[in-house]
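So the structure is just underneath, and the comments pick up after that.
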Amino acid sequence: MATPTQPTAAGDPIPMTAVTESAADTLDRQQQGIAAENEKQTLDTENQTISSGVPFPSALGTMGVPASIGVESTTPVNAEETLEKPRRSPSATSSSDADTLEKQLSLEKAHAQNKQLTKTKRGFFKSRKSKEELEKKTKEKEQEANTLPAVSVFALFRFSKPIEMFFMVIGLLFAVAAGSSQVLMTLIFGRLTTLFTNYGIVVNRIASQGLTEANAVALDVAKRELKHQAGLNSIWLVVIGVGMFLTTWLYMFIWNVAGELNSKRIRENYLRAVLRQEIAYFDDLGAGEVATRIQTDCHLVQEGVSEKMALVFQYLGTFVTGFVLAFVRSPRLAGALFTILPVIVIIGGGTMQAMAKFGTGALNHVATAGTLAEEVIGSIRTVQAFGKQKVLGDKFNEFIELSRKAGKRGAIVEAGGFCLIFFTIYSAYALAFFYGGILVTQGRADSGIVINVFMSILIGSFSMAMLTPELTAITKARSAAAKLFNTIDRVPSIDSSSTEGIRPDTIRGEISFEGVKFHYPSRPGVPILKGLTTTFEAGKTFALVGASGSGKSTVVCLVERFYDPIQGIVKLDGKDIKTINLKWLRQQIGLVSQEPTLFGTTVRGNVEHGLIGSKWEHASDAEKFELVKKACIDANAHDFISKLPNGYETMVGERGMLLSGGQKQRVAIARAIVSDPRILLLDEATSALDTQSEGIVQDALDKAAKGRTTITIAHRLSTIRDADKILVMGGGEILEEGTHYDLLANESGAYAQLVQNQRLAAEAAADAAGVAVDDGRPVWGHSNDALLLQNAAAQSPKNEKGFSELNRAYTGRSLASAAMENIQAKRETEAEDEDKTPSSFKVYFRLLAVNWDQRNIYFVGLFAAICAGMVYPAMAILFGAAISDFEIQDFGQLRHALDRKALWYFIVAILAAISFFWQIFSFSRTGWDLNAKLRKNVFGAVLRHDTEWFDEESNSTGAVTSNVADQPQKVQGLFGPTLGSILQSCATLVGGCIIGLCYGPLLALIGIACIPILVSGGWIRLKVVVGKDQKMKKLHAASANLASEAAGAVKTVASLTREEDVDRIYSEALKGPMKVNFRTSIYSQCLYAASQGLTFCIIALVFYIGALWLVSGRLKTNTFYTVLNSIVFASIQAGNVFSFVPDASKASSAATSLFRITDNDPVVDAFSEEGIKLQHENVVGHIRLEGVHFRYPTRPAVRVLRDLSIDVPAGTYVALVGPSGCGKSTTIQMLERFYDPLVGKVTLDGIDIRELNVSSYRSQVALVSQEPTLYAGTVRFNILLGANKPMEEVTQAEIEAASKDANIYDFIMSLPDGFDTEVGGKGSQLSGGQKQRIAIARALIRNPKVLLLDEATSALDSQSEKVVQEALDKAAKGRTTIAIAHRLSTIQRADQIYYFAEGKVAEHGTHQELLAKRGGYFELVQMQNLSRQ
């Protein structure tokens, strides 16, 4: 990954130190975890709506198709795992899909495997074997993870209290009651139908026989009966409506509250369990995974144990009541209609399975593309520097194209399955009236019974279909809970929460290792310590030195008891540390690591973390503050803290990002010593710092070490010269030990060689500076050099940068300030424009424009949706006619009439099936097309953006990767089949109203007047629910970040024994979302329940008015039923349209954010054709910076470069040195044109680089950064990324020449597959030095005129540094080279050295000239001069 830079207070982004392999993995997985979580939510949650839009007709109108028939139904529960790396240990207990992982691996390796033509036979077997081993390991881990059984439904509630369980049972009873009330409505409906039919029979008899006295009496009785019974039954409908409202509201509220409480406890227990695990557990578990578990898995469990459980009982209640009622009323008709159920289940199941297969295929490709996107965006500076946006963009597009094809294949299956389901349902109408007619003629039923049974069966069957998504949610909850509970129940081998073990009263601090052997649990084949035996005496300072991987950090880990030895004993004061209480042990030790972790609180809060477990833990605030201040003074931190805006109460930002490296380091030291521990462990505590910061921090460490047992690890040997004893380690053993000068005496010894590698050419310097040499040590002509050093350290710009007092007396504004204000004003205007959300319809039309080449398919889909929407109004006419047929008294005519209606129903069923097929197929297909286009467009636009855009907090790697994965999926959620369903619903509503008005205008108008009531219920509820969900998501995100921060810094949490403190803070953070949920759920669920109950009241109203108008002769039976079905049930359908509002609002906001990305015009546009294009052979390479002023746009108050002028003649080697934050890296970024100066200019061969074409200019420049970025692919692919011409045009000879110049050719040829060897994600299969040399080869293959080296060796140990430095020296020959280095030994032969201070050149000259000046550079040299001259 390109060196992640971190802005300091005074300007220059400090390159964060090279992370170790395991840390890189953690970072990698953390970012993948974020992407994975998004991917999970996109394909697992959003795709539930792939078909959720397709409405089913029922007796109550059209119901939305259950979301279950989406791609997720049979996919593995954690779809997010497809993005994660297949290298978890069983302890990680994640259950990703084995096939998914294998496909992902094979995709990445396919290219390499196809090109393995030149390898030797031996190499072939070797590589084949390693691949087989990898596959075998993957399978084993998969089997291990998949054997984790889902927990039982009851186990989901293991953290619920008895009183909560009692109320949950009450809630389930209410849910069953709510479910039954829907079916009871059909009983009333049937009764009313019988009344209407009986009345119609009397009226028909009068029409045929005339008004005889008997008929007149019968008519009078029928009228009174109809009025009375209609009134009574309408009241019953209202009672059922009120019951529905109360039971629904109560069960939803009870279960919502219970689910939130249960979920809160699971989250707390999970984090508590994670933090008590031993460190080995985290070696195979990224911090991102913990965040994913807490946010995604806990969310899945919460979904499963909230309303979903109650809904299952509601639907079961509906199903059982529906079928019982149907069989009680007419067993024969119920038995005949029952046959539709297995047909629907079989077709639905088959469709789901097939769609899951295609959905998973699409998901795999999207996941692979997401991983690539994350790698590319994470190293965007490297991508821009080498101009490879198009190559990597094309690679991304290939994966997206594969996902689009898989999705489109799934669209055919989806459409085919649904059209068969609809055909079955509509055919059931035909069966009901056909067989119902037979039963009526046999005297076994009447019209009311036929309607009652038919509607009961239909509603009961649909409740089973509606059950599927709820059961799916519960199944997911059970599987997600299995992973969470597995961690919660896991007893670690080193348990930080354990109270066992002795707590000695006194401690001297003597540590001894006796025959300690050790290997990391995640790498059992790699021994780290091989029988280490040594003693660290109390109160002395010890230093561990040696090459990377020699076991130095492992010693620290074993003392902290992060791990236990495989063999041998570690003792503290003669006691085996395994017998000592773990928390007590860690409270006696202060740890300062290479990359210190601060937590997102104040400076004071961070230092106070060191008091946990000490005798001052519960001291008063004033007493604690005194201790904190004293520790900060001892750590040389007090001065800079006092100059911070709020002093000790200044927030340090997430992971301390608002402080510079040196400042963080000193706060970490204060934290380590505040409790006065007897043992101090310093693991490379200064390696990330420049020399001046290092001097200050080292001074703080020397102070801190006095009187304690101190173990120091250092690569820079200057920092440990004064140690009481130095242990030189190699291959897990001690090679030699002694003091600095003892070890130097043995010139062939390992220590002397390490020193030699870091030696400065100081003899010549001594002559130039007039230094006499006496007894092998320098004696300075000016004896106050120590004072000079002290003053230099105190006045270091790094020391208290960003908060120094202003020295200028005049009040005029600088040119840079004026320029910056203009830029800020422009940015504010742009931000205001962004806040203005465009209208949804504008956004929707623009989305259609993106996919306008598919317009023919859209037109087909639109026509099909209108046809499908008109099916229900057309059937309303048939339904009215069929009901009036029951009034025919001649059984022969009745049979004939009903048979004809059944035939018409069958014809409608065929036409409906055809319409539904084309509707679903068209919109599903265009949805996949639109999704793919948006992903490609957005990723292309992201790659086009300039560096400034990526500096914005909202455009971090995780956020942008998430947008690319997440937002197009949300758009597809609306513009897939859901769009067809919305159009269909609108057609149903409009068509229903028109037909109603044509048949019975007055009754239709009453029905139409009720539509707003039904619709508003759904609309209000959605406003509340969607609002609540967004609010909850934000609140939960804050607590999830807290958990992720703790898990990401688990070593720091463990060493500070902060576990209980984190638990407490996390528990508090969860209370906010819970309170919000309780408040909003009361009224949101009340509105939802009201909308359910009102339906019955409106049906009651229409029935009663219809009965009165039937009596008065205004209506006929067939007219009444046609209007009832076309208007009332169509209005229920209109309410269903609002179930798509979340999809619509998500799609609108997602599309808006996507268009913002694509519409943003970068200031520095690498894709632009404008500007002068350079001819390579005409470029000389003369670089100048003239009067450059610069501030980072994200930190306009901080002046970074101030009137900087540098001249680099062609072909010269120029070095930039100075403390961190002085503007060196910024200068390199100016030369790459990542930013433009506010004032002044940068020129190449006399031409302002702003006048040059961006990509043409960058093709003349090559960058090698501190932490090189490689991409998943072969060595060849990574080297070719540097080429200025198309990859296929680069010859093998050119690749080999670049590799030889980079000192990497021999290593590449020793690999199993040579240049076609896979380097792994982010180059994870190679060491730091190997990656760095491949990065140099990549830079050289473009034959650049200008070579930029940004700390190219600082992250390496001495041995790797030597090899890489040789490669860099070769590479620099004959080129204009500009290098930044903290280690001055690497740049002493430079033609010109520029020493920076506070954003400008303080002094410049050659190494000897600068030493003679005895200025800032001279101080830097002295601080690094450790060896005898």
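Numbers here are sequence positions counted from 1. The model shown is predicted, which means the values in this text are computed figures rather than measured ones.
- The CG atom of Leu1115 sits 8.0 Å away from atom CG of Leu1002, with the distance rounded to the nearest 0.5 Å.
- For the residue pair Asn1125 and Tyr872, the shortest heavy atom distance occurs at O-CE2, 3.8 Å.
- Ring to ring, Phe906 and Phe423 are close: their centroids are under 6.0 angstrom apart.
- Other residues, nucleotides and ligands place no more than 12 heavy atoms under 6.0 Å from the CZ atom of Phe863.
- In this structure, Leu1110 and Lys1116 approach most closely via the heavy-atom pair CD1-C, 3.6 Å.
- Here the CD1-CE distance, from Ile1099 to Met185, works out to 4.5 Å after rounding to the nearest 0.5 Å.
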Evaluate the side chain to side chain donor-acceptor pair (under 3.5 Å) criterion for residues Ser924 and Glu414: first the C-alpha distance (whole Å), next the side-chain angles of each, then the deciding distance (0.1 Å), finally the verdict.
CA-CA 8 Å; Ser924 186; Glu414 185 182 355; 3.1 Å; yes
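- In this structure, Leu903 CG and Ile907 CD1 are separated by 4.0 Å, a value rounded to the nearest 0.5 Å.
- Heavy-atom neighbours of Trp1109 CH2 from other residues, nucleotides or ligands within 6.0 Å: above the threshold of 12.
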Identify all side-chain donor-acceptor contacts of residues 325-347 below 3.5 Å with residues at least two apart in sequence or on another chain.
unit_1: Arg329; atom_1: NE; unit_2: Asn452; atom_2: OD1; d: 2.7
unit_1: Ser330; atom_1: OG; unit_2: Leu333; atom_2: N; d: 3.4
unit_1: Thr339; atom_1: OG1; unit_2: Ala336; atom_2: O; d: 2.6

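- Here side chain to side chain donor-acceptor pair (under 3.5 Å) pairs that include residues 189-205, with residues two or more places apart or in two chains, are Arg191-Asn233, Thr193-Tyr1121, Thr197-Ser447, Asn204-Glu887.
- The closest side-chain heavy-atom distance from Ser985 to Leu989 is not below 4.5 Å.
- Note that the OG1 atom of Thr1119 and the OH atom of Tyr999 stand 8.0 Å from one another [nearest 0.5 Å].
- Side-chain rings of Phe319 and Tyr315 stay apart, their centers remaining 6.0 Å or farther from each other.
- Surrounding CD of Gln442 are more than 12 heavy atoms belonging to other residues, nucleotides or ligands, all under 6.0 Å away.
- The salt bridge (Lys or Arg N to Asp or Glu O under 4.0 Å) check on Lys901 picks up Asp885, with sequence neighbours excluded.
- Minimum interatomic distance between Thr351 and Gly417 (heavy atoms only, all atoms of both residues): OG1-CA, 3.2 Å.
- Here the CG-SG distance, from Leu911 to Cys867, works out to 9.0 Å after rounding to the nearest 0.5 Å.
- Between Ala868 and Ser915 the shortest heavy-atom distance is N-CB, 3.8 Å.
- Outside the 6.0 Å centre-distance limit, the rings of Phe916 and Phe418 are not counted as a close aromatic pair.
- Two rings, from Tyr429 and Tyr905, have their centers less than 6.0 Å apart.
- Put simply, CG on Leu979 and CZ on Phe923 are 4.5 Å apart, with the number rounded to the nearest 0.5 Å.
- Cys419 and Ala913 make their closest contact through CB-O, 3.2 Å (heavy atoms, listed as atom of the first residue, atom of the second, distance).
- The nearest pair of heavy atoms linking Tyr251 to Ala178 is CE2-CB, 4.0 Å.
- At least one side-chain heavy atom of Tyr858 sits less than 4.5 Å from a side-chain heavy atom of Leu848.
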